[in-house]
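What follows is a short report on a single structure.
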Amino acid sequence: MKINNKVKLIRTYNECFITNDFDKILSLVTDDVEWEVIGDRHLKGKEKMKEFLYSMPTDMESSLKLDHILTHGYEATCNGKVSYVNSKGEKGEVHFCDVFTFKGLKDPRISKMTSYIIEVKH
C-alpha cells in the first residue's frame, strides 16, 4: 500500500511534538493557521502557534503511538496516545484525536486543526 503525502505530513507533525522540533511543525502549517484545542485554547496565525509551542515544557521523556491516520481530499484525522514522564517523575498519558484541513493537495500544508485531548495521570 502506498502512503500518500498527507499521511506522511501528519505522521511527521505528531513525531515532531515528541522531539520538540517546533520549527519543523511550523514549516508544516500555513501562515494563517488556526488551531483549536477543545475546552482549552483557540490560536490564530503561525506566530501565536509559535508562541504556544515554545512555551511548552521540553524536559519530558515521552513516546508516541499513532493508532489511525485517515485522509480524504483536503481533510485528515489522526488519533493516538503520548505516554510521558515529566521532570518530577510523574507518569501520564495524553490521548488525542486531531482533525486537519489542508491548503493544497500536491504540496499540502495544514491550515486548520481541531484537537480533542484527554489527559490521564498515573
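Since we're looking at a predicted model, the values are computed, not measured. All heavy atoms count here, side chains included; hydrogens, waters and symmetry mates do not.
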* Go through the steps to decide whether Ile38 and Thr114 satisfy the test side-chain contact (heavy atoms from CB on, under 4.5 Å), and finish with yes or no. => CA-CA 7 Å; Ile38 300 299; Thr114 304; 3.7 Å; yes
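- For the residue pair Tyr116 and Glu36, no side-chain donor N or O sits within less than 3.5 Å of a side-chain acceptor on the partner.
- Closest non-hydrogen pair, Met60 versus Pro57, comes out as CE-CG, 3.7 Å.
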Which donor-acceptor pairs under 3.5 Å do the side chains of residues 47-56 make with protein atoms, sequence neighbours left out?
from, atom 1, to, atom 2, distance (Å)
Tyr54, OH, Asp23, OD1, 2.6
Ser55, OG, Phe52, O, 2.7

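- Asp32 meets the salt bridge (Lys or Arg N to Asp or Glu O under 4.0 Å) test with no other residue; sequence neighbours excluded.
- The shortest side-chain heavy-atom distance between Ile69 and Arg11 falls under the 4.5 Å cut-off.
- Put simply, CG on Leu28 and CG on Leu9 are 4.5 Å apart, with the number rounded to the nearest 0.5 Å.
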Validation: residues 61-68 side-chain donor-acceptor distances under 3.5 Å, sequence neighbours left out:
from, atom 1, to, atom 2, distance (Å)
Lys65, NZ, Asp67, OD1, 2.4
His68, ND1, Asn79, OD1, 3.1

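- Between the side chain of Lys112 and the backbone N or O of Val33 there is no donor-acceptor pair closer than 3.5 Å.
- Between Ile110 and Thr101, the closest side-chain pair of non-hydrogen atoms is not below 4.5 Å.
- Heavy-atom minimum distance, Lys103 versus Ser111: N-OG, 4.0 Å.
- Expressed to the nearest 0.5 Å, how far CD1 of Ile10 lies from SG of Cys78 amounts to 6.5 Å.
- Between the NZ atom of Lys6 and the CD atom of Glu75 there is a distance of 10.0 Å, given to the nearest 0.5 Å.
- Atom CE in Met113 sits 13.0 Å away from atom OG1 in Thr77 (nearest 0.5 Å).
- Side-chain atoms of Trp35 and Arg41, non-hydrogen and from C-beta on, never get closer than 4.5 Å to each other.
- Hydrophobic cluster of Val85: no remaining members, since no ILVMFWY side chain lies below 4.5 Å from it.
- Using a 4.5 Å heavy-atom cutoff, the side chains of Ile18 and Val82 are in contact.
- Its side chain outside the 4.5 Å cluster rule for every partner, Leu70 clusters with none of the Ile, Leu, Val, Met, Phe, Trp and Tyr residues.
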List the atom pairs, with distances to 0.1 Å, where a side-chain N or O of residues 91-100 and a protein N or O form a donor-acceptor pair under 3.5 Å, not counting sequence neighbours.
from, atom 1, to, atom 2, distance (Å)
Glu93, OE1, His95, NE2, 3.0
Asp98, OD1, Ser115, OG, 2.7

